[in-house]
2 protein chains.
Amino acid sequence: MDVKTLCLGALTLGDASGYEIKKMFEDGPFSHFHQASFGSIYPALGKLGEAGLVSMREQSQDGRPDKKMYSITESGEVALRRKLGKTPADDRIRSEALVMFFLAEYMQPERLEKVFDGYLKSYHDKLNCMCEPDDSTLPPHRQFTRGLGRAFYQAAIDFMEENRHLLLGEEHSGDAK
Amino acid sequence: MDVKTLCLGALTLGDASGYEIKKMFEDGPFSHFHQASFGSIYPALGKLGEAGLVSMREQSQDGRPDKKMYSITESGEVALRRKLGKTPADDRIRSEALVMFFLAEYMQPERLEKVFDGYLKSYHDKLNCMCEPDDSTLPPHRQFTRGLGRAFYQAAIDFMEENRHLLLGEEHSGDAK
DNA sequence: ACTGTTATATATCGATACTATATATATCGT
DNA sequence: ACGATATATATAGTATCGATATATAACAGT
């Protein structure tokens, strides 16, 4: 799924600037299942504009650079629907931490423990920012994607907390310290 | 983590050709937490050879093209240890299917159901190929990474099976058919 | 026996995406 | 006052991938 399609998808949530679209992928609703960078978002918005799939208006700001607000057009929505009609590619997970755990025998034990604790904390943080706010007012399909994300993070956290001894050895377990 | 480091990591499991390294990322031990393509593996092996981090010997085959077998060198192992000493980047998950679920209102219901069923099946398949063979003979850190992968897939499968109505509506639930 | 598909091998090019950098001003923490 | 971060835009250089190319074996279907 290319970045132009992702931008169209992001704009279905409401008008946004390039910077705001980036935030949707970094910390917002898309952050748990896709990414996009400034290096691809700005060029994509330019091409979408040329193709008439988005429209743009500039908004001046006091003491700050002007903001370019983009909106999806009707032909943009048609193009999005067409893309969503295709078969999705397989999921891709890239986890440097898991590569490190897999190659743990090539790491210093203290270093491995630091990486493990940081990774566990980052998963707690991700879970925490998905547990609020309350999502009972969300449409069902949004509850679905959010719930699936939580299930992922919770399962990983539970497994890591219960099995840290497999990676770090017995003396690092739980509250033996 | 760049592809050269991934190739060094792959070669710690034993000598391999470019094609075999690709298979490790496609169907093998790394497939659940990282990817690499021919387009990056072959150039990476070339550069690793130039830098003395791997060595290579050609193996002729009957009726098939020659095979280039690569081995990690001592300086390759040193370089790998150094890379593993750095802080890993955050995990990146790219899931076109989840983007589609999130944007479900822009999809035809029949199409959404097909995507959902295909995605669920692909997760069952991934889980199945992680449940065999028995891993009790694996070193603990390998049991850890495999177990974490299983926990991920199992949690996703359970959530999807229990909550398909949120995405597809009541009439599509379980065995109401 | 023949044909199409898949597997086993190598490799590279063009397209896409990302990181780093650039510019500009506000806000925040020390 | 100063450094870090946030809010904004944008692009060049770099990395990665998908498509393509070449070659032969093995397999499945007819």
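A, B, ... follow the sequence lines: proteins, then strands. Residue 1 opens every chain.
With distances taken from any side-chain atom of A/Ser37 to the nucleotides C/dT12, D/dT9, C/dT19, the minimum falls on C/dT19. Side-chain atoms of A/Val3 lie closest to C/dC18 of the nucleotides C/dT8, C/dC18, C/dA11. Residue A/Tyr19 places its side chain closer to D/dA6 than to any other of D/dA6, C/dC18, C/dT10.
Around CD of A/Glu26, the count of heavy atoms belonging to other residues, nucleotides or ligands within 6.0 Å exceeds 12. Within a 6.0 Å radius of CD in A/Glu58, more than 12 heavy atoms belonging to other residues, nucleotides or ligands are found.
OP1 and OP2 of D/dT9 both lie 4.0 Å or more from every side-chain N or O belonging to A/Lys68. For the pair A/Ser40 and C/dA17, the criterion of a side-chain N or O lying under 4.0 Å from OP1 or OP2 is not met. For C/dT8, the OP1/OP2 oxygens have no side-chain nitrogen or oxygen of B/Gln61 closer than 4.0 Å. For C/dC18, the OP1/OP2 oxygens have a side-chain nitrogen or oxygen of B/Arg94 closer than 4.0 Å.
For the pair B/Arg94 and A/Phe33, the cation-pi criterion (under 6.0 Å, within 45° of the ring axis) is not fulfilled. A cation-pi arrangement, defined by a distance under 6.0 Å to the six-membered ring centre and an angle within 45 degrees of its axis, is present between B/Lys126 and B/Tyr123.
In this structure, B/Gly18 reaches the sugar-phosphate backbone alone: every heavy-atom distance under 4.0 Å involves primed, P, OP1 or OP2 atoms, never a base. Across all strands shown, B/Lys47 has no heavy atoms under 4.0 Å from either base or sugar-phosphate atoms.
Comparing B/Glu20 and A/Phe38 by the nucleotide of DNA chain C whose heavy atom lies nearest to each, the residue mapping closer to the 5' end is B/Glu20. Both B/Tyr70 and B/Arg92 lie close to DNA chain C; mapped to their nearest nucleotides by heavy-atom distance, the more 5′-ward contact belongs to B/Tyr70.
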